[in-house]
Participant: 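What follows is a structure written as structure tokens; I'll ask about it next.
No hydrogens, no waters, no symmetry mates; every other heavy atom, side chains included, goes into these values. Counting starts at 1 for both ligands and their atoms, following the listed order.
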Amino acid sequence: MSDIAQRLQEIRDRVAAAARRSGRAPEEVALVAVSKTFPPELIREAAQAGQRLFGESRVQECLEKIPALSPQLRWHFIGHLQSNKVRKVLPLCEAFHSVDSASLAQDMDRIAGEEGCRPQIYLQVNVAEEARKFGFAEEALRRAIGPLLELPRVEVVGLMTIPPLAADPEASRRHFAALRELRDRLEAETGVPLPGLSMGMSGDFEVAIEEGATVVRVGSVLFGGR
Ligand SMILES: *Cc1c(COP(=O)(O)O)cnc(C)c1O
């Protein structure tokens, strides 16, 4: 078995164990293999080991890598996206995890109409309200979300967050719980289901799953340090 195949198996086992601890089936948690900065050879190795879902965070890297790899692979865009780059990347990725403003969601909706795409989006929340971080503040999202749920082309599937950097994964727990609680509140207020919770990275994905993550974004523990 290749190193990547072995690490992938270990990560899958850890995902499954954390899902069971939270009373869910392992299949209820999707693993996005974050391949940003890593070359196509390593992506192919992960694909050979059965991984289909990959995440990239830069538009230029998407344009270079995605068309050169197997069409069987599925791609999620996980980085900050500027409106002027939406048209390039929209046809390449099925979901966008970091939609951090109403105007970006509206631009994506319009361009998705023109390009004939139906992207899934996660609204990024700055749960800890850190000064230099992208994402909606909670109250701002409560005010903004209504019209976003009515956009015809983009499907708002849930929320995403990146908690403050911390050495101890337990430090992320309250932020993940806050995202879940906000989701529950938005569902109650809008009557629209928001099943997706994109939270958890290499250092804290198990805690995120215990707090309800439906999709974890894992890079370095699979592909190595960047
Ligand atoms: C890079 C990145 C990840 C993966 O981070 P690792 O710590 O390498 O697992 C997850 N989410 C986002 C938004 C990222 O930019």
Side-chain angles (χ1 to χ4, degrees), residues 3-4 6-15 18 29-40 42-43 45-46 49 51-66 73-82 85-86 89 92-101 104-105 108 119-128 130 132-136 157-173 175-176 178-179 196-226:
D3 284 356
I4 286 196
Q6 196 162 347
R7 287 199 290 263
L8 188 59
Q9 190 54 53
E10 284 162 15
I11 294 164
R12 290 216 180 104
D13 291 345
R14 290 169 61 189
V15 166
V29 181
L31 172 65
V32 175
V34 176
S35 50
K36 68 180 185 207
T37 76
F38 293 103
L42 294 191
I43 300 172
E45 228 178 275
Q51 182 67 23
R52 289 289 174 272
L53 182 56
F54 292 88
E56 287 286 341
S57 65
R58 292 224 174 84
V59 171
Q60 191 54 37
E61 251 185 290
C62 288
L63 297 175
E64 286 164 15
K65 285 157 122 177
I66 296 176
L73 305 188
R74 298 160 46 214
W75 297 89
H76 285 193
F77 192 83
I78 63 169
H80 174 65
L81 182 59
Q82 291 168 293
K85 302 207 170 144
V86 167
V89 74
L92 297 174
C93 296
E94 63 181 33
F96 293 78
H97 288 234
S98 320
V99 177
D100 52 14
S101 71
L104 175 61
M108 291 178 76
Q120 297 192 326
I121 67 173
Y122 295 82
L123 299 172
Q124 182 172 358
V125 184
N126 182 359
V127 275
E130 292 173 273
R132 279 187 296 280
K133 199 146 203 182
F134 292 115
F136 290 90
V157 292
L159 306 182
M160 177 272 206
T161 199
I162 306 172
L165 204 57
D168 177 7
E170 283 299 327
S172 301
R173 188 180 294 278
H175 301 298
F176 295 147
L179 193 73
L197 287 176
S198 168
M199 54 190 197
M201 311 181 8
S202 286
D204 56 15
F205 68 88
E206 288 153 301
V207 171
I209 293 167
E210 288 167 11
E211 294 301 329
T214 61
V215 47
V216 292
R217 311 175 308 267
V218 175
S220 49
V221 292
L222 176 60
F223 290 112
R226 277 183 292 270

Participant: Within the 4.0 Å heavy-atom shell around Ile162, which atoms of ligand 1 are there?
Facilitator: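 Per the distance check, 13 (C).
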Participant: Check each atom of ligand 1 against the heavy atoms of Arg217 and keep those under 4.0 Å away; list them by number with element.
Facilitator: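 Close to Arg217: 4 (C), 9 (O), 10 (C), 11 (N), 12 (C), 13 (C).
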Participant: Cut-off 3.5 Å, side chains only: do Gln124 and Thr161 have a donor facing an acceptor?
Facilitator: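 No, Thr161 and Gln124 have no side-chain donor paired with an acceptor closer than 3.5 Å.
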Participant: Among all protein non-hydrogen atoms, which one is nearest to atom 14 (C) of ligand 1, and what is the separation to 0.1 Å?
Facilitator: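 Ranked first by proximity to atom 14 (C) of ligand 1 is Lys36 NZ, 3.0 Å.
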Participant: So for ligand 1, is Ser57 a polar contact partner (N or O within less than 3.5 Å, distance only)?
Facilitator: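 No.
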Participant: Note the single closest protein heavy atom to atom 13 (C) of ligand 1, along with its residue, its atom name and the distance in Å.
Facilitator: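 Checked against all protein heavy atoms, atom 13 (C) of ligand 1 sits closest to Ile78 O, 3.4 Å.
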Participant: Does even one non-hydrogen atom of Arg226 get within less than 4.0 Å of ligand 1?
Facilitator: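 Within the 4.0 Å threshold, so yes.
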Participant: His80 vs Phe134 aromatic rings, parallel, tilted or perpendicular, using cut-offs 30° and 60°?
Facilitator: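 Correct class here is parallel.
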Participant: Answer yes or no: does atom CZ of Arg173 have more than 12 heavy-atom neighbours from other residues, nucleotides or ligands under 6.0 Å?
Facilitator: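 Above 12, so yes.
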Participant: Between Arg226 and Ser220, does any side-chain donor sit less than 3.5 Å from a side-chain acceptor?
Facilitator: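 Their side chains do not contain a donor-acceptor pair, so the 3.5 Å distance test is not met.
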Participant: Which atoms form the tightest heavy-atom contact between Leu81 and Leu104, and what is the distance?
Facilitator: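 Of all heavy-atom pairs spanning Leu81 and Leu104, the closest is O-CD2, 3.6 Å.
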Participant: Out of Lys36, Lys65, His76, which residue meets the side chain to side chain donor-acceptor pair (under 3.5 Å) rule with Glu56?
Facilitator: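 Of the listed residues Lys36, Lys65, His76, the side chain to side chain donor-acceptor pair (under 3.5 Å) partner of Glu56 is Lys65.
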Participant: Compare all side-chain heavy atoms of Thr214 with those of Val29 and state whether any distance is below 4.5 angstrom.
Facilitator: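 No, side chains not in contact.
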Participant: May I ask you to identify the nearest protein heavy atom to atom 9 (O) of ligand 1, giving residue, atom name and distance to one decimal place in Å?
Facilitator: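 Its nearest protein heavy-atom neighbour is Ser202 OG, 2.5 Å.
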Participant: When only distance counts, is Gly219 in polar contact with ligand 1, meaning an N/O pair under 3.5 Å?
Facilitator: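 By distance alone, the answer is yes.
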Participant: Does Val218 approach ligand 1 within less than 4.0 angstrom via side chain, backbone, both or neither, non-hydrogen atoms only?
Facilitator: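 The answer is the backbone.
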